[in-house]
Amino acid sequence: MSVFIRSVRRYGEGDPVDVLVSDGQITDIGAGLAIPDDADVIDAADQILLPGFVDLHTHLREPGREYAEDIETGSAAAALGGFTAVFAMANTNPVADSPVVTDHVWHRGQQVGLVDVHPVGAVTMGLDGKQLTEMGLMAAGVGQVRMFSDDGLCVHDPLVMRRALEYATGLGVLIAQHAEEPRLTVGAVAHEGPNAARLGLAGWPRAAEESIVARDALLARDAGARVHICHASTAGTVEILKWAKAQGISITAEVTPHHLLLDDTRLASYDGRNRVNPPLRETSDAEALRRALAQGVIDCVATDHAPHAEHEKVCEFANARPGMLGLQTALSVVVETMVRPGLLTWRDVARVMSENPARIVGLPDQGRPLEIGEPANLTVVDPDATWTVEGSALASRSDNTPFESMTFPATVTATLLRGKITARDGKCPA
Ligand code: DOR
Ligand code: ZN
């Protein structure tokens, strides 16, 4: 069985070509190729071929909160969003702090078969911020954990973070930090600024994020370690990243689509769907994040896909759980905020949504060039289509999108994982 992608432009560049996929690989590329008898033909005229997207930051809620999402529904959302690999955060119940949980997540993802679900291991036992996990055991397990994070919570004790970085360096794995100094965010539900003050919402200052980013850059420098910053949200974080990179510190960072597009003026409705950690900031922060992504100061886009059930979101703003869906809207928001204004080309989209995340975490078979002999982890995009977001129509078990009723450019028309079609025209194959 092969797949024949007809008349597609690689990275949206050059003349259209046909791309033949067999046995999980790209086996031929050229104009006017013969269509093999057994081929499934994807007619991709006027469409763009990209390497499958890689998301370093998702919450799939399994085990423990399957009423909000599970690996099956989250995998469908990922495939429909053009992803071929996602990293599932460790703040599950039980926490992914041992191979029992991380191996389950990997196994279940492979069983579902729509996207490679890579488990993220916790840095500390039960996310308690105190006792390091056995990262080595999780790395050596079937799930081959290569990224560790207490995301949802910050590894705030500097000595614990230092030890984690040292330990991770020895193992060749990545520590991803949710940068939030907890002493500065007690009770906080919104970005600290004029909007939160006017609305009577307790504020989350930029310094809570920036102080940890700066500290961790210095800890990484001294340990000769790598550190990755989750969901960068402020202009100050961008400045610190720029400084740290200029010093030669091994620091990388991601930005979410919602921080690129939205700001805290949306909070005026007190709609719990706008509550997220870190919070939506000010327009000037969103602009700085877009520039940083365009310039490579921020390395990649990650969704922080965070499903929550209706009873957890449709309530008083301060009681709403933080988090937003992201997998099916990520590409469109990146096109809206970055491609349309000319900040990124489609070639760059491949870099920030596939190649860079694959490189940061060390996935050998993702984010590869669109060439003969390469693994067929692919996304086909219609750049001219538009669509209107409807939470209840998304594949996630939850509906908590902040983009409800917004109309966006670009749709994913097909996703291929190792040559198998995992999404096509808005549906996953049965
Ligand atoms: O908004 C968020 N939601 N931020 C986090 O760090 C955790 C996440 C979740 O698990 O819901
Ligand atoms: Zn987080």
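First listed ligand is number 1; within each ligand, the first listed atom is number 1.
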| message | With side chain to side chain contact (heavy atoms under 4.5 Å, CB included) as the test, pick out the partner of P99 among D97, T102, V101. | response | T102
| Of H258, H178, M324, the residue whose pairing with D304 passes side chain to side chain contact (heavy atoms under 4.5 Å, CB included) | H258
Report the part of [X] in contact with ligand 1, treating N, CA, C, O as backbone and CB onward as side chain, heavy atoms under 4.0 Å; options are side chain, backbone, both, neither.
| X | answer |
| --- | --- |
| H308 | side chain |
| H178 | side chain |
| P322 | both |
| H57 | neither |

| If you look at D151, which of its N/O/S atoms is nearest to the Zn ion (ligand 2)? | OD1
| task | For the Zn ion (ligand 2), find the closest N/O/S atom on H178 and give its atom name. | result | ND1
| task | Describe, in one word, how the ring planes of H118 and W106 are oriented to each other, choosing from parallel (under 30°), tilted (30 to 60°) and perpendicular (over 60°). | result | tilted
| For the residue pair F408 and W387, does the interplanar ring angle fall in the parallel (under 30°), tilted (30 to 60°) or perpendicular (over 60°) class? | tilted
Considering only the protein, which heavy-atom contact is closest to [atom], and what is its distance?
| atom | value |
| --- | --- |
| atom 4 (N) of ligand 1 | N277 O, 2.9 Å |
| atom 8 (C) of ligand 1 | H59 NE2, 3.6 Å |
| atom 10 (O) of ligand 1 | N91 ND2, 2.8 Å |

| Stepwise, does the salt bridge (Lys or Arg N to Asp or Glu O under 4.0 Å) test hold for E69 with R61? | CA-CA 6 Å; E69 189 83 292; R61 305 303 189 209; over 6 Å; no
| query | Within a radius of less than 6.0 Å around CZ of R347, do more than 12 heavy atoms belonging to other residues, nucleotides or ligands occur? | reply | yes
| message | More than 12 heavy atoms of other residues, nucleotides or ligands under 6.0 Å from CD of E310: yes or no? | response | no
| Is D304 near ligand 1, meaning one of its heavy atoms is under 4.0 Å from it? | yes
| Contact between R61 and ligand 1, counting heavy atoms under 4.0 Å? | yes
| Contact atoms of ligand 1, heavy-atom distance to V276 under 4.0 Å | 1 (O)
| request: Provide the number and element of each atom of ligand 1 under 4.0 Å from a heavy atom of G152. | output: 5 (C), 6 (O), 7 (C)
| Looking at ligand 1, does any of its N/O atoms fall within less than 3.5 Å of an N/O of P278? | no
Pair [X] + [Y]: basic N to acidic O under 4.0 Å:
| X | Y | value |
| --- | --- | --- |
| D285 | R206 | yes |
| K130 | D157 | no |
| R273 | D271 | yes |

| said: Is C230 close enough to the Zn ion (ligand 2) that one of its N, O or S atoms comes in under 2.8 Å? | reply: no
